[in-house]
Amino acid sequence: MEIITAVKGFKDILPEETEKWRFVENVAREVFSRFGFREIRLPVLEKTDLFKRGIGESTDIVEKEMYTFLDRGDEYLTLRPEATASVIRAYLEHSLHNAQAVTRLFTIGPMFRRERPQKGRFRQFHQIDAELLGLDDPRADAEIILMLMHFLDRVGLKKVSLELNSLGCSSCRPAFRNVITEFLQGKEAGLCDDCKRRLGTNPLRVFDCKSKECQEIIRGAPHLGDFLCGDCREHFGKVTSALEEFAIPYTVNPGMVRGLDYYTKTTFEVTTEHLGSQNAVVGGGRYDRLVQELGGPDIPGIGFAVGFERLLALLEVPESASAPPPDIFLASLGEQARNLAFTLCNQWRLKGIYAEQEFSSKSLKSQMKKAGRLNCSYTLILGDREIEERKVELRDMKTGTQQTVSLDDLDQHILNLIKER
RNA sequence: GUGGGUGUAGCUCAAAUGGUCAGAGUGCCGGGUUGUGGCCCCGGAGGUUGAGGGUUCAAGUCCCUUCACUCACCCCA
């Protein structure tokens, strides 16, 4: 019979890797909490409408990437493709905005998108997500970016670049969209097939296109930056100068157009050249209309999402973590000895010692070999011979020296020996 | 959804033009030491060469189909 394998694009995280995961999570929790962010844990399943309204009906995510199903024939549910909509849903559902004017939340967990898997892209992937709600101050933008860059630094990430842009607000972006549409109208024939399609859906995306022809055409286009309203222009200026105060290097990328509909004003990405074509490690931005779109009051917000797997792929931790070595290995010869080993081994575990034992009746040589391979500090040798004499052999695996310990003193002896280290 | 690449032992990989080609290294288990690890030596287990079909006297090797993995496009973390 064939074994059942994991679903395409869904990965197991094996014991060799979980230590790296915990390391990154712990750094995130430590850094974020110092900036006043508190952890929130959310369900992975939400009502489909949450994402339709939050992310935007015409985005690729909602149109073709969501895992959606009809639950018991009466309600559409979706495995979350991103966290922000869920965070805001919980924020509104529990009236967190009434409890305090400013709310800072972060969450770590799996997201689901039904795309074709490739390097750095999976159907289940993980994000570290932070959201700052209730501030439209540009210093809040700078603060959350500062926190992000500090986190990346603390986790050991090198050679990344921070790209910034402003997408304008509801008063200046629509106007620019018209300008671009007009600009591209006569040049349609020169665009790639994808961009011809984009012309109708999201003309700003042509800025992002990798094809040379499109880049050539768009080079002469007007920039969004020149069409920002006074408020947006001033906001962006304050964000960049605050970043400069903390010496955070950034580049302004006027072509950066993010794929989720809800972004306004400041958007940012952290990118790298070492991830193949999935170069974005972090994506984020301001969303001043989203809370309202989801039925809440007029509350501004800004947040980011770190791609966990992409971040891990960039960290220089080549060797996989091996299993932690036991404090002591119990080698036993004879059935009586194995019974004693079982008892001692588990008693010590209950007292906080990591002990291992051999269950099967292997030769002492092979048990010693195993103890050596496990890299444990001590090996206790107990055979029926020792039990008769009420004493056992304790071998220090580092030095190779061995001593005889009375069974009556054994427990205390071991506890002292191992607790002292 | 579209295109390319790859599928041989747990892992990393060999097997010219189809003809002892089913192997090596590593890992695992055991022995060399009648009760003592690491080094060394020896041995063993483990594969219907992803699956199915076809061509042929003969197929990991050629053809078709299918599945899986992978990279890229689209898009994004």
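In the text below, chain A, chain B and the rest are named by the order of the sequence lines, each starting its count at 1. Model, not experiment: these values are computed from the prediction.
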Asker: Determine all donor-acceptor pairs shorter than 3.5 Å in which one atom belongs to a side chain in residues 110-117 of chain A; sequence neighbours excluded.
Answerer:
from     : atom 1 : to      : atom 2 : distance (Å)
A:Arg113 : NE     : A:Pro81 : O      : 2.8
A:Arg113 : NH2    : A:Pro81 : O      : 3.0

Asker: When rounded to the nearest Å, what value does the distance between C1' atoms of B:C13 and B:C75 take?
Answerer: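 These two C1' atoms come out 36 Å apart once rounded.
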Asker: Using the test salt bridge (charged side-chain N to carboxylate O under 4.0 Å, His left out), find all partners of A:Arg38 that sit at least two apart in sequence or belong to another chain.
Answerer: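 For A:Arg38, no residue satisfies salt bridge (charged side-chain N to carboxylate O under 4.0 Å, His left out) once neighbours in sequence are set aside.
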Asker: My understanding is that only residues two or more places apart in sequence, or in another chain, count here; which of them pass side chain to side chain contact (heavy atoms under 4.5 Å, CB included) with A:Glu335?
Answerer: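 Counting only residues at least two positions away or on another chain, A:Glu335 forms a side chain to side chain contact (heavy atoms under 4.5 Å, CB included) with A:Arg338, A:Asn339.
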Asker: What parts of residues 141-149 of chain A reach RNA chain B, counting only heavy atoms under 4.0 Å away?
Answerer: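 Close to the strand, none.
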Asker: Determine the Euclidean distance between corresponding C1' atoms of B:A59 and B:U20; express it in Å to zero decimal places.
Answerer: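 Approximately 15 Å lies between the C1' atom of B:U20 and that of B:A59.
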Asker: Please output the side-chain donor-acceptor pairs of residues 143-160 of chain A that fall under 3.5 Å, not counting sequence neighbours, one pair per line with the distance.
Answerer:
from     : atom 1 : to       : atom 2 : distance (Å)
A:Glu143 : OE2    : A:Arg104 : NH1    : 2.5
A:Arg154 : NH1    : A:Glu30  : OE2    : 3.3
A:Arg154 : NH2    : A:Glu30  : OE1    : 3.4

Asker: Write down the distance between NZ (A:Lys64) and P (B:C74), rounded to a whole number of angstrom.
Answerer: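 Whole-Å distance recorded here is 11 Å.
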Asker: How many Å lie between CD on A:Glu82 and C1' on B:A77, as a whole number?
Answerer: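 It is 11 Å, rounded to the nearest whole Å.
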Asker: Taking the six-membered ring for Trp and the single ring otherwise, decide whether the centroids of A:Phe106 and A:Phe32 are under 6.0 Å apart.
Answerer: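 Distance test on ring centres: under 6.0 Å, yes.
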Asker: Using the salt bridge (charged side-chain N to carboxylate O under 4.0 Å, His left out) criterion, which residues pair with A:Glu388? Sequence neighbours excluded.
Answerer: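 With neighbours one apart ignored, the set is empty.
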Asker: Could you measure between the two C1' atoms, the one in B:A14 and the one in B:A22, and give it in whole Å?
Answerer: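 About 11 Å, rounded to a whole number of Å.
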Asker: For A:Gly284 and A:Lys362, take the nucleotide of RNA chain B holding the closest heavy atom to each; which residue's nucleotide lies nearer the 5' end?
Answerer: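 Result: A:Lys362.
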Asker: List the atom of A:Thr379, the atom of A:Met397, and the distance in Å for their closest heavy-atom pair.
Answerer: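 Where A:Thr379 meets A:Met397 most closely, the heavy atoms are OG1-SD, 3.1 Å.
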Asker: Between C1' on B:U2 and CG on A:Asp60, what's the gap in Å once rounded to a whole number?
Answerer: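 Between C1' of B:U2 and CG of A:Asp60: 14 Å.
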Asker: If we take the C1' atom in both B:G60 and B:A9, what is their distance in whole Å?
Answerer: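 It comes out at 14 Å once rounded to the nearest Å.
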Asker: Looking at residues at least two apart in the chain, or sitting in another chain, which of them share a salt bridge (charged side-chain N to carboxylate O under 4.0 Å, His left out) with A:Asp409?
Answerer: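 Result, salt bridge (charged side-chain N to carboxylate O under 4.0 Å, His left out) vs A:Asp409: none returned.
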Asker: Output yes when a side-chain donor or acceptor of A:Ser366 lies under 3.5 Å from a complementary backbone atom of A:Lys362, and no otherwise.
Answerer: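 Not at all, since once roles are kept as given, no pair shorter than 3.5 Å links the two residues.
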Asker: Could you give the distance separating B:A15 and B:G25 at their C1' atoms, to the nearest angstrom?
Answerer: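 Taking atom C1' in both B:G25 and B:A15, they lie 15 Å apart.
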Asker: Stems in RNA chain B: runs of 3 or more consecutive Watson-Crick or G-U pairs, distances under 3.5 Å?
Answerer: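 In RNA chain B, stems of three or more pairs: B:1-7 with B:67-73, B:10-13 with B:23-26, B:28-32 with B:40-44, B:50-54 with B:62-66.
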Asker: Would you say B:G30 has OP1 or OP2 under 4.0 Å from some side-chain N or O of A:Ser363?
Answerer: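 For B:G30, neither OP1 nor OP2 has a side-chain N or O of A:Ser363 closer than 4.0 Å.
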Asker: Ring stacking, A:Phe125 with base of B:A77, under 5.5 Å and under 30°?
Answerer: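 Here A:Phe125 meets both the 5.5 Å and the 30° conditions.
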Asker: How many Å lie between CG on A:Asp129 and C1' on B:C76, as a whole number?
Answerer: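 In whole Å, B:C76 C1' and A:Asp129 CG are 14 Å from each other.
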Asker: Rounding to the closest angstrom, what is the interatomic distance between B:C29 and B:G10 at atom C1'?
Answerer: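 B:C29 and B:G10 have their C1' atoms separated by 13 Å.
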Asker: Syn or anti for B:G60, please, going by whether the chi angle lies within 90° of 0.
Answerer: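 Nucleotide B:G60 adopts syn.
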Asker: Taking atom types as modelled, find out whether A:Thr267 and A:Glu269 have a side-chain donor-acceptor pair closer than 3.5 angstrom.
Answerer: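 A:Thr267 vs A:Glu269: no donor-acceptor pair found between side chains.
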Asker: Quantified in whole Å, what is the P atom distance between nucleotide B:C39 and nucleotide B:U26?
Answerer: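 Taking atom P in both B:C39 and B:U26, they lie 11 Å apart.
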Asker: Nucleotides 67-72 of chain B: which of its N/O atoms have a protein N/O under 3.5 Å away?
Answerer:
from  : atom 1 : to       : atom 2 : distance (Å)
B:C69 : OP2    : A:Lys8   : NZ     : 3.2
B:U70 : OP1    : A:Lys11  : NZ     : 3.0
B:C71 : OP2    : A:Lys119 : N      : 2.9
B:A72 : OP1    : A:Ser277 : N      : 3.2
B:A72 : OP2    : A:Gln118 : NE2    : 3.2

Asker: Calculate the interatomic distance between A:Glu269 atom CD and B:C76 atom P; express it in whole Å.
Answerer: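 It works out to 9 Å between those atoms.
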Asker: Which whole-number value in Å describes the distance from A:Phe268 CZ to B:A77 P?
Answerer: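 Spelled out: CZ on A:Phe268 to P on B:A77 is 11 Å.
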Asker: Does any donor atom in the side chain of A:Asp327 or A:Trp348 lie under 3.5 Å from an acceptor atom in the other side chain?
Answerer: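 Per modelled atom types, A:Asp327 and A:Trp348 side chains form no pair under 3.5 Å.
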Asker: For residues 122-138 of chain A, pull every pair meeting salt bridge (charged side-chain N to carboxylate O under 4.0 Å, His left out), keeping only residues two or more places apart or in separate chains.
Answerer: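 Sorted result for residues 122-138 of chain A: A:Asp137-A:Arg139.
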Asker: What is the distance from CG of A:Leu152 to C1' of B:A77, rounded to the nearest Å?
Answerer: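 Going from CG in A:Leu152 over to C1' in B:A77 covers 12 Å.
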Asker: Answer yes if the side chains of A:Ser166 and A:Thr266 hold a donor-acceptor pair under 3.5 Å, and no otherwise.
Answerer: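 Checked: A:Ser166/A:Thr266 side chains show no N/O donor-acceptor pair below 3.5 Å.
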Asker: If you measure from the P atom in B:U17 to the same atom in B:U33, how many Å do you get, rounded?
Answerer: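 Nearest-Å result for B:U17 against B:U33 at atom P: 47 Å.
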Asker: Where does B:A16 fall, syn or anti, if syn means a chi angle no more than 90° from 0?
Answerer: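 Because its glycosidic torsion lies within 90° of 0, B:A16 adopts the syn conformation.
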Asker: One character per nucleotide, please: for nucleotides 35-43 of chain B, 5' to 3', B when the base has a protein heavy atom closer than 4.0 Å, S when only the sugar-phosphate does, - otherwise.
Answerer: BBBB-----
Asker: Tell me: CD of A:Glu115 to C1' of B:U2, nearest whole Å?
Answerer: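 My rounded result for the distance is 14 Å.
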Asker: A:Trp21 and A:Phe308: aromatic ring centres closer than 6.0 Å?
Answerer: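 Yes, the ring of A:Trp21 comes within the 6.0 Å limit of the ring of A:Phe308, centre to centre.
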Asker: Under the salt bridge (charged side-chain N to carboxylate O under 4.0 Å, His left out) test, which residues partner A:Asp408, sequence neighbours left out?
Answerer: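 Applying salt bridge (charged side-chain N to carboxylate O under 4.0 Å, His left out) to A:Asp408 gives A:Arg390.
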